Undergrad: 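Please read through the structure below; I'll follow up with questions.
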Protein chains: 2
Amino acid sequence: MPQTKVVSLEKLKTACKNCGLAKLCLPLGLENNDIERLDAIVQRNRPLHRGNHIFQTGSRFGSIYVVKSGTIKSYTQCPNGTEQVVGFHLPGEVVGLDGIETGKHICSAKALETTAVCEVPFSRLEELTATVPGLQHQMFRLMSKEISKETGLMVLLGKSTAEERLAAFLLSLSVRFHSYGFSSTEFNLSMSRREIGSYLGLALETVSRLFTHFQEERILEVDRKHIKILEVDRLFQLLSDQNGCLERLQHPHNTETPGQ
Amino acid sequence: MPQTKVVSLEKLKTACKNCGLAKLCLPLGLENNDIERLDAIVQRNRPLHRGNHIFQTGSRFGSIYVVKSGTIKSYTQCPNGTEQVVGFHLPGEVVGLDGIETGKHICSAKALETTAVCEVPFSRLEELTATVPGLQHQMFRLMSKEISKETGLMVLLGKSTAEERLAAFLLSLSVRFHSYGFSSTEFNLSMSRREIGSYLGLALETVSRLFTHFQEERILEVDRKHIKILEVDRLFQLLSDQNGCLERLQHPHNTETPGQ
DNA sequence: ATGTAAATATGATCCAGATCAACAGTTGTC
DNA sequence: GACAACTGTTGATCTGGATCATATTTACAT
């Protein structure tokens, strides 16, 4: 029976209403009917391989993308060759909202590992949001969340020490993996030390040393890309000492609110 | 004719279609008809005095606000008393988008000087955007711009030197004042050195020294809060040396694109 | 397998900018 | 108009993290 093959093929094409990410992607229950209309415009392309781009700086904006599995890195390339990472996007998270304003992307986005994304053509989405008020509200919330997230990162980059930055980063990953249904204490990093450093405004050597340091302190167990958080509390403590405000800012999406 | 008097009184209550900021606030021509519907829900309250809050961290989100004149500072308060500035909002710019997601504001916003804002109740705005597709698109653009702006700031905070940060800050102000119809080369700062420092992730002493330094270099003339830019090119140069990508990121709103 | 490039770890040194300190100019207040 | 409370300038010192340098491990291509 070709059953297996069919199932594995179908996995990629799960309708929104059966998608494990629906609660992240569509946090507030839309009518079944509406979900189906959204479903109809979503394009499910074949998975991206490590290094494949979804879009590049300056390219025409046409769609937004929801990560289904894997990791997307968004970054800008400076003329001198160095790159600046501006975001890591995990399953359930959206990429490409930056392009709406000007119609061109202001950064590039590429897969850090084998990654599946749903592509949502924006003009079709707009037609839909215009007629489905619940969906429009969802979009506003989504974009607001993105703004809040970046505000939190600004605070982190503005005043925190290297130690606080890495602690915040690890906690953020932990929370996000957890909400995707994975372990919050044990996971693999899909990004390099250099990429983490770029994102956090640190040198890769500093990131490497901090991992060693956290390991010596028995806060983490680190084996290259594999991370095991031994003491979440100590990580939180590192933040709250100076930056109580960060907890709130870093994970505003954590507190599910019974919608507006 | 009592023209003069009427005009000055009316200034505060100018209908959107006569507002000098319309091109910033409503960048793409809406139908006259639609503008009037928007106009009908806008609340024009009395001006705020220096120090007055529009909203505070944790307060219920109900409206977004457009600055008509003056300056709004948004910031977070850390438990240890220090504050972190997360944005300065000049005329034509919007404040409060952070609250949409959770229904509560994640930062506080206060006037740095006498400031007039238009209050737009969000639920009424949503009703309107649902029926006026052009306005919905405008809102998406607006929020996308906010995301892009913050991405640019992240890049700035992530890897730039103190000199580059202040140069970028001054250029950003210059561009924004210009688009509001003021001089792009001579203006008064409404924020203190400490607030600039907080925003840029620098100590206030560093900001002060940099102003002195730029003055010695004949790039600026500085007299306390009064700034005169003598050589814009040198400021741009400071950025483009290392961070060509910043120019693009810092002023994505600068390049007016012909619709959609 | 084997060579080559990329990613990590770790030590040694250096420096941009923070912090500490003292002072001067400004603003507000009673 | 005098006192207090900010705000800004400038100097001296200190330090967290960048940078430079090297070795080791891993990943990939042939």
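Everything quoted here is computed from the prediction, not taken from an experiment.
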Undergrad: How many whole angstroms separate atom CG of A:L210 from atom P of C:dA9?
TA: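 The distance from CG of A:L210 to P of C:dA9 comes to 11 Å, rounded to the nearest Å.
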Undergrad: Between A:E93 and A:R176 (salt bridge meaning N to carboxylate O under 4.0 Å), is one present in this structure?
TA: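 Judged by the 4.0 Å cut-off on N to carboxylate O distance, A:E93 and A:R176 do form a salt bridge.
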Undergrad: Regarding B:Q84 and B:T76, do their side chains bring together a donor and an acceptor under 3.5 Å, going by distance alone?
TA: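 B:T76 and B:Q84 do not have a side-chain donor-acceptor pair below 3.5 Å.
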Undergrad: Output the rounded distance in Å from CG (A:L166) to P (C:dT8).
TA: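 My rounded result for the distance is 13 Å.
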Undergrad: Do B:E150 and A:T151 pair up side chain to side chain, a donor and an acceptor below 3.5 Å, judged on atom types alone?
TA: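 There is such a pair (donor and acceptor under 3.5 Å, judged by atom type) between the side chains of B:E150 and A:T151.
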Undergrad: Using a cut-off of under 3.5 Å, enumerate the N/O to N/O pairs linking the protein to nucleotides 17-26 of chain D.
TA:
{"from": "D:dG17", "atom 1": "OP1", "to": "A:A162", "atom 2": "N", "distance (Å)": "2.6"}
{"from": "D:dA18", "atom 1": "OP1", "to": "A:G201", "atom 2": "O", "distance (Å)": "3.4"}
{"from": "D:dA18", "atom 1": "OP1", "to": "A:A203", "atom 2": "N", "distance (Å)": "3.1"}
{"from": "D:dA18", "atom 1": "OP2", "to": "A:A203", "atom 2": "N", "distance (Å)": "3.3"}
{"from": "D:dA18", "atom 1": "OP2", "to": "A:T206", "atom 2": "OG1", "distance (Å)": "2.1"}
{"from": "D:dT19", "atom 1": "O4", "to": "A:R209", "atom 2": "NH2", "distance (Å)": "3.0"}
{"from": "D:dC20", "atom 1": "N4", "to": "A:E205", "atom 2": "OE2", "distance (Å)": "3.2"}

Undergrad: Using a 4.0 Å heavy-atom cut-off across all strands, classify B:S192 as base, sugar-phosphate, or nothing.
TA: sugar-phosphate
Undergrad: Give me the ring orientation class for B:H105 and B:F61: parallel if the planes are under 30° apart, tilted from 30 to 60°, perpendicular past 60°.
TA: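 Perpendicular, since the angle between the ring planes exceeds 60°.
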Undergrad: When you check the side-chain N and O atoms of B:Q56 and B:H53, is any donor under 3.5 Å from an acceptor?
TA: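 Indeed, the side chains of B:Q56 and B:H53 share at least one donor-acceptor pair under 3.5 Å.
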Undergrad: Rounded to the nearest Å, what distance is computed from the CZ atom of residue A:F211 to the P atom of nucleotide C:dT8?
TA: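 In whole Å, C:dT8 P and A:F211 CZ are 9 Å from each other.
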Undergrad: If only side-chain N and O atoms of A:S208 are considered, is one of them under 4.0 Å from the OP1 or OP2 phosphate oxygen of C:dT10?
TA: no
Undergrad: On DNA chain D, does the nearest nucleotide to B:E216 precede the nearest nucleotide to B:R50 from the 5' side, or the other way round? Give the residue.
TA: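 The residue closer to the strand's 5' end, by nearest nucleotide, is B:R50.
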Undergrad: Please report whether the ring centroid of A:F88 lies less than 6.0 Å from that of A:Y199.
TA: yes
